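This one's a predicted model, so the numbers in the text were calculated from it and none came from an experiment. As the structure lists them, so they are numbered: ligands from 1, and atoms in each ligand from 1.
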Amino acid sequence: MAAIIVVGAQWGDEGKGRVVDRLAAQADLVARYNGGDNAGHTVVAEGHTLRLHLVPSGILYPHVTCLIGAGVVVNPARLVQEMDALAELGLDIGPRRLKLSAAAHIILPSHQALDGAREAARGQAALGTTRRGIGPVYADKAARVGIRAGAMADPEAFARSVRHAIETHNDLLTSIYSQPPLDAQAIAAEFHEYARRLAPHLTDGSALVGEALATGRTVLCEGAQGTLLDLDHGTYPFVTSSSPVAGGALTGLGFGPAYVERVIGVAKAYTTRVGAGPFPTELTDAVGQRLREAGGEYGTTTGRPRRCGWLDLPILRYAARVNGLTELALTKLDVLSGLEVLKAAVAYERNGERTQYFPAELGMEALALWRPVYEQWPGWAEDIRDAHRRSDLPTAAQAYVTRIEEQIGLPVTFIGVGPEREQAIVSQ
Ligand code: IMP
């Protein structure tokens, strides 16, 4: 009878897939609520490693129904590609298991071209987007000129809409950005085929979620990106164009807050960010490099090296407030093993004034005036990847986790101590 929301507490890539994977075993419906194929998570199935960008990782559990919700933007080529890869592994990706909300919006190649052209036009001020068309497709959605997945129910009419949209985008590409036009007719023909393939998966997503909740089933809401990439509550304009925060699960899936039982904020034991924008605890020295290598901090979607830095507790406090977190999941604690000293930002200061919360909403200029205040703690040398209980951890690692709980005022119910599914300390 409950909705569980899994949300990124930092700038994305916190390891939400891990946490979703674990909880999906007990869920009936796993529903992705925001973003598009800018997200990426790696799943290991049947000895194969797959990088999924759209299909919820719950697909690996045969009893789970998966929904791509209304708040998601879908690149049909990518979705079909992922479905084919999953089918090759013998997984059931039929329309009874994998559902696509009719209200989700469709990403066109011209959205991707516009994303690239706008980034190029920004020059030094580029946002560092994934160039997957995310900004332009959400802009079309807000401008009420987008194409919704439900249009695929009539492949001919859908193809006509695609053609018309590409022609409109071509005007922008050629006249404003001096880019070559795309072949509207060829793309329309390609999208006609995607529509034929995907139409059977279309559903009323809100009805599906509502019925599951009303009949006592568990709905796991899977967020993409993270709190500080939220369009409203992140470090604007260095954000994505959707609502990764917990509220985005309600609007992106279409159900009410009374059903929400748990809101799990996933955070790395340190901080990373891909793309441009402020990152006050960033480490550009050897320690940052070490975190990148030890943590394999290269983007799943773009392969870009992630910027790495110390844990930022004001960010986690901010995430706790904005999302109404009930608990924290801490991932990649093992990456910190071997560091003699660990630092974490515990507050921010500006002209003698202190704040406990990351001042994300005040804007870039205001944020630039605030400086992180650090505390430092002893590290640990031991390999912790075989720890199954908290008491198996070295004292310094236990103290690190306890301090986070005390500072944020939330329990840490999951600790990732290694990349394998079983390398985790779970207390709920
Ligand atoms: P966009 O979502 O492609 O428009 O990119 C906007 C910003 O969000 C860029 O800084 C991206 O690097 C970042 N971003 C988008 N998706 C993810 C993600 O899944 N993980 C981490 N960063 C992301």
Starting from [atom], locate the nearest protein heavy atom and write down its residue, its atom name and how far away it is, to 0.1 Å.
atom                    : result
atom 10 (O) of ligand 1 : Val274 O, 3.2 Å
atom 8 (O) of ligand 1  : Leu229 CD2, 3.6 Å
atom 21 (C) of ligand 1 : Asp13 OD2, 3.0 Å
atom 3 (O) of ligand 1  : Thr130 OG1, 2.6 Å
atom 5 (O) of ligand 1  : Thr129 CA, 3.4 Å
atom 2 (O) of ligand 1  : Thr240 OG1, 2.6 Å

Next item on the list: Mark up the atoms of ligand 1 that fall under 4.0 Å of a heavy atom belonging to Leu127, in ascending order.
Entry: 10 (O)

Next item on the list: Below 4.0 angstrom from a heavy atom of Trp11, which ligand 1 atoms are there? Numbered from 1 as shown, please.
Entry: 21 (C), 22 (N)

Check: Would you say Gly128 contacts ligand 1, with heavy atoms under 4.0 Å as the rule?
Finding: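 Gly128: in contact with ligand 1 (<4.0 Å).
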
Notebook entry, point to check: Any non-hydrogen atom of Arg304 lying under 4.0 Å from ligand 1?
Noted result: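 It does; at least one heavy atom falls under 4.0 Å.
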
Are any of the side-chain heavy atoms of [X] and [Y] separated by less than 4.5 Å?
X      : Y      : answer
Gln179 : Thr174 : no
Ile59  : Ile93  : yes
Leu52  : Leu86  : yes

Item checked: Plane angle bin for Tyr348 and Phe358 - parallel if under 30°, tilted between 30 and 60°, otherwise perpendicular ->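 Answer is perpendicular, since the angle exceeds 60°.
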
Notebook entry, point to check: Under the side-chain contact (heavy atoms from CB on, under 4.5 Å) criterion, do Leu114 and Leu173 qualify, and how do the steps go?
Noted result: CA-CA 7 Å; Leu114 281 169; Leu173 283 167; 3.8 Å; yes

Checklist line | Rounded distance (nearest 0.5 Å) linking atom CG of Asp115 with atom CZ of Arg132 | finding: 10.0 Å

Next item on the list: Taking Arg32 for its side chain and Gly71 for its backbone only, find out whether a donor-acceptor pair lies under 3.5 Å.
Entry: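 The answer is no, because no donor-acceptor pair under 3.5 Å joins these two groups.
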
Quick one: does [X] get an N or O within less than 3.5 Å of an N or O on ligand 1?
X      : result
Ser241 : no
Arg132 : no
Asn38  : yes
Arg273 : no

Checklist line | Residue portion contacting ligand 1 (non-hydrogen atoms closer than 4.0 Å) for Phe238 | finding: neither

Notebook entry, point to check: Looking only at heavy atoms, is any part of Val239 under 4.0 Å from ligand 1, and if so is it the side chain, the backbone, or both, or is it neither?
Noted result: backbone

Note to self: Before you tell me yes or no, could you show the steps for Arg163 and Glu167 under salt bridge (Lys or Arg N to Asp or Glu O under 4.0 Å), namely the whole-Å CA-CA distance, both residues' side-chain angles and the distance that decides it to 0.1 Å?
What the structure shows: CA-CA 6 Å; Arg163 186 178 175 150; Glu167 283 165 358; 3.2 Å; yes

Next item on the list: Write down the atom of Ala3, the atom of Phe255, and the distance for their closest heavy-atom approach.
Entry: CB-CE1, 3.7 Å

Margin query: Just checking Arg321: does its CZ atom have more than 12 heavy atoms from other residues, nucleotides or ligands closer to it than 6.0 angstrom?
Written below: yes

Check: Can you tell me if CD on Glu349 sees more than 12 non-hydrogen neighbours from other groups inside 6.0 Å?
Finding: yes

Notebook entry, point to check: Which one of Glu14, Arg118, Gln225 has a non-hydrogen atom at the shortest distance from atom 17 (C) of ligand 1?
Noted result: Gln225

